[in-house]
Amino acid sequence: MEKEKNTLTITDNRTNQSYTVPIDKGAIRAMDLRKIKTGPDDFGLMSYDPAFMNTASCQSSITYIDGDRGILRYRGYPIEVLAEHCTFLEVAYLLQFGNLPAEKELKTWVNEITHHTMLHEIIKDFMEGFRRVSHPMSMLVSGVAALSAIYPDAKNVLDPESRLHQIKRLIAKMPSISAMAYRHTLGFPYVYPDNDLSYTENFMNMLWKMVEPKYRAAPELARALDVLFILHADHEQNCGTNTMRCVGSAHTDPFLATAAAAAALAGPRHGGANEEVLKMLDEIGSKQNVPAYIKRIKEGHSKLMGFGHRIYKSYDPRARIIKWTAEQVFQVTKRNPRIDVALELERIALEDDYFVQHKLYPNVDFYSGIICQAMGFKPEMFTVLFAIPRTAGWLAHWDEMMRDPEQKIARPRQVWTGEPERRFVPITERAAPALV
Ligand code: ACO
C-alpha cells in the first residue's frame, strides 16, 4: 500500500516495529513518539533537545524569521518597511491585533496608551529603596513585578477584555518605570508623563527634562528611538518571549510574567549584549587594535559581543537598519568614535575564515549601543531600551498563548541521569564524600 504523504515512518531497531506519524507544517508531534515503546512498562520515546535547538513549542502567527535569508517580518510585513513608514505604537498595534490600524483605530490606541502612562505614587517609594548604583534593569524588573501588587485585577487572565486592559497598562508604563529608575540612579526628581508628546518623546521627557517648562526632543532623535523600538518590538520565540509564555502558561498575571521575561532579557547572552559591546569597544580602544582583538577571539579567549545569532546565519536585517540609523543620529549628535572601531571590527570579521565558517555576522546589538550612547544614554540603560519595546511583543505572544486551546502549563521532561533509589545512611555512619 502506498504510504500516505506527509507522514514519517520510524523503525525502532530495538523491536523491529515500525510507526507512522503525521507531519504537519514541517513538524512531527513529540507526543507521537510516546507510543514507541519496548514493552508495556516502557514510558515511551522522548525527544531530547537542550536549549530547544529544534523544538517548536507553539504555533504562532506574529513574527516570521528566515534566519538563512536574513528575513524578519511582523504579521507578514518586512521589518524594513515598518521601520521606514510606521511609528512604534502602530507596530505595537499590529503585533497585538494582527493588522495595521486604520487612522481612527490608531488614534484611539495611542490615546489609550497615553492615558495609562502615569504610575501609582507608591512606585516612587518603592524606587527609593534602591541604592543609587543599582542597575536600571534590576529596578525595572522589580518595578514591573511590583505593579502586580497594584493591579490585582490583572490576575483575571482568562478574560480577554481584562488582558487587553493590562496590555495597554504595561506598554504605557514601561517607559515611565524605566525613566524613574534612570533618574533614581542620578538622584534627579522624577518627571511625570506629558500627554502632549509621542511615546518616545514622552520617554525622553521623563528621562531628561530639567527645569525647562516644556521638554522638546530633537525630532531626529525621537524618530531614531522610535525606529530602534520598532526593530526590537518582537523576535519570535527568543529566550525572553519563551519565558513570557512559560510563566504565563501557569496563569501568572502579566506584570509578573513580563518581569520574568525582562529578567531573561537582562542576561549578556540576550539583551544584555549591547552593554557588553560598548565595554568591548572601549577595551579595544582604536582601529589599530582590532586585528589583535580578533586573534584573541579566535584563540577562544572570549566571544565577539554583538556577533552571532541562534537563528540568523546570513545577516541580522535589524543590524543593517540600525547601522543606517546611526548615521542619521550622528548628524544631530557628535559622531561616536566607537563607530569607527565597530566598522573596522565588522570589516575584518566578515573577511575572516573563522567568522565566515561559523556564519557569524553582526546582530542587532552590535550597533544599537553606539547609537544609544551618542543619544546620551548610559550603557546600563541599553537593555532597558530593549525591554520597553519588547514588552509589546511579549504581550502579543502572551495573548496568543492564552487564546490557544492546545496550550497547557509549560512543563518539559528530563532525561534522568541520577542515582537509582539509595539506602539512607545516618550522618554518624557516612564516609566523607571525595572532594571534586
Ligand atoms: N564570537 C566568536 N565565536 C562565536 C560567537 C561570537 N560572538 N558566537 C558564536 N561563536 C562560535 C562558538 O564559539 C561556536 O564555535 P564552535 O562550534 O567552534 O564551538 C559556534 O560559533 C556556535 O556558537 P554557539 O554559542 O553554539 O551558538 P548559539 O546559537 O548557541 O549562540 C549566541 C548564539 C548566544 C547569540 C552567540 O553567538 C553569542 O554568545 N554571541 C555573543 C553575544 C551576543 O551578541 N548576544 C546577542 C544576541 S542577539 C539578541 O539576543 C538580541
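Index from 1, following the sequence. All values below were derived from every heavy atom in this structure, side-chain atoms included, with hydrogens, water molecules and symmetry-related copies excluded. As the structure lists them, so they are numbered: ligands from 1, and atoms in each ligand from 1.
Contact annotation: for Leu304 versus ligand 1, heavy atoms closer than 4.0 Å belong to both the backbone and the side chain. Contact annotation: for Asn238 versus ligand 1, there are no heavy atoms closer than 4.0 Å. Counting heavy atoms closer than 4.0 Å to ligand 1, residue Phe386 contributes side-chain atoms (C-beta onward) but none from N, CA, C or O.
Shortest contact from atom 43 (C) of ligand 1 to any protein heavy atom: Ala273 CB, 3.5 Å. Counting only heavy atoms of the protein, atom 50 (O) of ligand 1 lies nearest to His270 ND1, 3.1 Å. Protein heavy atom closest to atom 48 (S) of ligand 1, with residue, atom name and distance, is His309 CD2, 3.6 Å. The protein heavy-atom contact nearest to atom 42 (C) of ligand 1 is Met305 CE, 3.4 Å. Of the protein's heavy atoms, Arg269 O, 4.2 Å lies nearest to atom 34 (C) of ligand 1. The single protein non-hydrogen atom nearest to atom 41 (C) of ligand 1 is Phe307 O, 3.4 Å, given as residue, atom name and distance. Gly308 O, 3.7 Å is the protein heavy atom nearest to atom 35 (C) of ligand 1. The nearest heavy-atom contact from the protein to atom 16 (P) of ligand 1 is His358 NE2, 3.6 Å.
By the 4.0 Å heavy-atom criterion, Tyr354 is counted among the residues contacting ligand 1.
Residue Lys303 has at least one N or O atom closer than 3.5 Å to an N or O atom of ligand 1. Between Arg310 and ligand 1, a contact under 3.5 Å exists for at least one N or O pair. Inclusion of Leu360 in the set of residues having an N or O under 3.5 Å from an N or O of ligand 1 is not warranted. Below 3.5 Å of separation, one finds no N or O of Ile297 facing any N or O of ligand 1. In terms of polar-atom proximity, Asn363 is counted as a contact of ligand 1, with an N or O under 3.5 Å from an N or O of the ligand. Taking only nitrogen or oxygen atoms, main chain and side chain alike, Asp365 does not reach within less than 3.5 Å of ligand 1.
If you check the side chains of Arg245 and Gln237, you find a donor sitting under 3.5 Å from an acceptor. Judged purely by distance below 3.5 Å, without hydrogens or angles, the side chains of Tyr151 and His120 never pair a donor atom with an acceptor atom. In summary, the side chains of Lys378 and Gln373 do not present any donor paired with an acceptor at a separation below 3.5 Å, with no hydrogens or angles considered. Side chains of Arg163 and Gln166: no donor on one and acceptor on the other come within 3.5 Å.
Of the possible polar contacts, one joining the Asp49 side chain to the Met53 backbone as a donor-acceptor pair under 3.5 Å is found.
Salt bridge status for Arg403 with Asp399: present, with a side-chain N to carboxylate O gap under 4.0 Å. Ionic pairing of Asp66 and Lys313 is not present here: no N-O contact between side-chain nitrogen and carboxylate oxygen is shorter than 4.0 angstrom. Of the charged side-chain nitrogens involved, none lies within less than 4.0 Å of a carboxylate oxygen, so that Lys124 and Glu128 do not count as a salt-bridged pair. Salt-bridge annotation for Glu327 and Arg335: present, with a side-chain N of the basic residue lying under 4.0 Å from a carboxylate O of the acidic one. Using a cutoff of 4.0 Å between basic side-chain nitrogens and carboxylate oxygens, Lys323 and Glu346 are scored as salt-bridged. Under a 4.0 Å N-O distance rule, the pair Lys279/Glu283 does not qualify as a salt bridge.
Residue Arg14 qualifies as enclosed at atom CZ: its count of foreign heavy atoms under 6.0 Å is above 12.
For atom 22 (C) of ligand 1, no protein non-hydrogen atom is found at a distance below 4.0 Å. At a distance under 4.0 Å, a protein heavy atom can be found next to atom 3 (N) of ligand 1. For atom 26 (O) of ligand 1, the protein comes within 4.0 Å by no heavy atom at all. Within the 4.0 Å cut-off (strictly below), a protein heavy atom is located near atom 30 (O) of ligand 1.
Nearest heavy-atom pair, Ser47 versus Leu33, reported as atom, atom and distance to 0.1 Å: CB-CD1, 4.1 Å. Closest of all the heavy-atom pairs between Tyr19 and Lys35 is CE2-O, 3.5 Å.
Close approach to Gly306 involves these atoms of ligand 1, each under 4.0 Å from a residue heavy atom: 43 (C), 44 (O).
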